[in-house]
Student: 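Got a structure here, written out as structure tokens. Questions coming.
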Amino acid sequence: MNHWLVKSEPEAYSWAAFVREGGTDWTGVRNYQARNNLQAMRPGDLALFYHSVSEKAVVGVALVEAVAAPDATAEAGSPWVAVRLRPHAALARPVPLAALKADARLAGLALLRQSRLSVTPVRAEEFDAVLALGEGN
DNA sequence: GCCAACGTTGGC
DNA sequence: GCCAACGTTGGC
């Protein structure tokens, strides 16, 4: 199983909306590197759900339900794809960007190294470390 | 609101 | 094919 991180501006599409809807097609990715990451996702993979810009925190975990398919919001024949995601678990405590940066185990996190990329791979150890930071006390 | 990073576009 | 200009993203 592989692990990922997807970003969303909460003002555009929040974790709360994602939970309310029970899942979504992760559309709107218009960057080739991010698209390649979407295409590498397999059902059963888990993705950290990160709120960018206003909150800057990992807030939950999504489950990949279906492999990449053409993005319905893109022009027909375009190279853009979307995967189907559904909520897997909320974090007891959001893990802020500052906490990610402060943790030595996460120094190699793709999110930190390439902050503009909206879909990034996450190593299993990194994924576990983030979940541990998000556990309640 | 500013600006750094970085991807894309278009002139040559 | 190079690279300057420009647009977008996202942290601060």
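Just so we're on the same page: letters track the sequence lines, and every chain starts at 1.
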Student: Indicate the atoms forming the closest heavy-atom contact of A/Ala66 with A/Val83, along with that distance.
Tutor: O-CB, 3.6 Å
Student: Run the side-chain hydrogen bond (donor to acceptor under 3.5 Å, both in side chains) test against A/Trp4 and tell me which residues pass, sequence neighbours left out.
Tutor: A/Asp45
Student: Only counting residues at least two apart or in another chain, list the ones meeting side-chain hydrogen bond (donor to acceptor under 3.5 Å, both in side chains) with A/Glu65.
Tutor: A/Arg86
Student: Determine all donor-acceptor pairs shorter than 3.5 Å in which one atom belongs to a side chain in residues 52-63 of chain A; sequence neighbours excluded.
Tutor:
residue, atom, partner, partner atom, Å
A/Ser54, OG, A/Glu11, OE1, 3.1
A/Ser54, OG, A/Glu11, OE2, 2.7
A/Glu55, OE1, A/His51, ND1, 2.6

Student: By the salt bridge (Lys or Arg N to Asp or Glu O under 4.0 Å) test, which pairs, at least two apart or in different chains, include something from residues 67-82 of chain A?
Tutor: A/Arg30-A/Asp71
Student: Which pairs count as ring pair (Phe, Tyr, Trp, His ring centres under 6.0 Å) when at least one residue sits in residues 57-79 of chain A, sequence neighbours excluded?
Tutor: none
Student: Using a heavy-atom cut-off of under 4.0 Å over every strand shown, decide if A/Lys56 touches base, sugar-phosphate, or nothing.
Tutor: base
Student: Can you sort out the partners of A/Glu21 under side-chain hydrogen bond (donor to acceptor under 3.5 Å, both in side chains), two or more places apart, ordered by chain and number?
Tutor: A/Tyr13
Student: Distance-only check: which donor-acceptor pairs under 3.5 Å involve side-chain atoms of residues 104-124 of chain A, not counting sequence neighbours?
Tutor:
residue, atom, partner, partner atom, Å
A/Arg105, NE, A/Asp103, OD1, 3.0
A/Arg105, NE, A/Asp103, OD2, 3.4
A/Arg105, NH2, A/Asp103, OD2, 2.8
A/Gln114, OE1, A/Gln33, NE2, 3.4
A/Gln114, NE2, A/Gln33, OE1, 3.0
A/Arg123, NH2, A/Glu126, OE2, 3.0

Student: I need the residues from residues 110-118 of chain A with at least one non-hydrogen atom less than 4.0 Å from DNA chain B; give them sorted by number, or say none.
Tutor: A/Gln114, A/Arg116
Student: What range of DNA chain B does chain A touch, first nucleotide to last, counting atoms under 4.0 Å from its heavy atoms?
Tutor: B/dA5 to B/dT8
